[in-house]
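Worksheet: one structure, shown below.
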Amino acid sequence: MITTNLADLYGLPPMEWTDVEARLAHGLSQAPGSGGPDRHTCWMTTVNADGSPHVTGIGALWAEGTFWFETGAGTRKGRNLARDPRCALAVATHDFDLVVEGSAAPVTDPETVAARAADWAAEGWPARVDDTGTALTADYSAPSAGPPPWTVYRVTARTMTGLATVAPGGATRWTL
């Protein structure tokens, strides 16, 4: 990992990735009043067929050192990712804002899908593995996910940019 201090001109130290990762490991609840200024919302940007960006809120989670999300095959983000896996994910926490640029790939390994279902259930969304063992279902989800089954995606980061929102401040880019 290459660390670039984007706030060096202000005499600020680079942010420590270990601090960012430790905060992400605490989870990103989307319940009102649980973070953010009021909650945490992750925003996913994918590339439309005409090259324009498509941005939508998603229920991402951090596990195994990366971000994960789910969506239906018929959603715009699902169709965009099937054609072009490039994406960006952005989230605001109390301590920092983070943008992750990279690609998203569907995951159908039953063990991994079950692990992510358990992670989401532990955060309060009652996701479970569907009858195929390779996708998720639940009694409800965000309307932007489309109807079940939902495919689990793993985000592979190329770069991550953090902007500290608490003292001493700072901005850092990590390139993988």
* Asked: Short question: side chain of Asn48, backbone of Asp50 - any donor-acceptor pair under 3.5 Å?
  -> no
* **Side-chain touch Asn80/Val47, heavy atoms, less than 4.5 angstrom** => no
* **Counterpart residues, side chain to side chain contact (heavy atoms under 4.5 Å, CB included), relative to Leu9 (two or more places apart)** => none
* **Side-chain donor/acceptor of Asp130 to backbone N/O of Gly133, under 3.5 Å** => yes
* **Side-chain heavy atoms of Cys42 within contact of Phe69, under 4.5 Å** => no
* **Same cluster (ILVMFWY, side-chain, under 4.5 Å), Leu89 and Leu61** => no
* Measure the CD1-CZ distance between Ile58 and Phe67 for me, rounded to the nearest 0.5 Å. => 8.5 Å
* side-chain hydrogen bond (donor to acceptor under 3.5 Å, both in side chains) with Asp84: which residues, sequence neighbours excluded? -> Arg86
* Asked: Is a side-chain donor-acceptor pair under 3.5 Å present for Thr93 with Asp95?
  -> no
* Among the clusters formed by ILVMFWY side chains lying less than 4.5 Å apart, do Tyr153 and Leu136 turn up in the same one? -> no
* To do: Check whether any side-chain N or O of Asp97 sits under 3.5 Å from a backbone N or O of Ala90 as a donor-acceptor pair, and report yes or no.
  => no
* Is the backbone of Val55 close enough, under 3.5 Å, to the side chain of Trp43 for a donor and an acceptor to pair up by distance? -> no
* Exam field: side chain Thr165 to backbone His94, donor-acceptor pair closer than 3.5 Å -> yes
* Answer yes or no: is there a side-chain heavy-atom contact under 4.5 Å between Trp125 and Glu70? => yes
* Starting at CE of Met44, measure out to NZ of Lys77 and round the result to the nearest 0.5 Å. => 8.5 Å
* Among Thr45, Leu81, Val100, which residue meets the side-chain contact (heavy atoms from CB on, under 4.5 Å) test with Cys87? -> Leu81
* Asked: Does some side-chain heavy atom of Thr3 sit less than 4.5 Å from a side-chain heavy atom of Thr172?
  -> yes
* pair Glu21-Met160: side-chain heavy atoms closer than 4.5 Å -> no
* To do: Would you check if the side chain of Thr66 reaches a backbone N or O of Val155 as a donor-acceptor pair within less than 3.5 Å?
  => yes
* Asked: Taking only residues two or more places apart in sequence or in another chain, which ones pass side chain to side chain contact (heavy atoms under 4.5 Å, CB included) with Val20?
  -> Met15, Trp17, Leu24, Phe96, Leu98, Trp174
* Asked: When rounded to the nearest 0.5 angstrom, what is the spacing between CG in Asp109 and CZ in Arg116?
  -> 10.0 Å
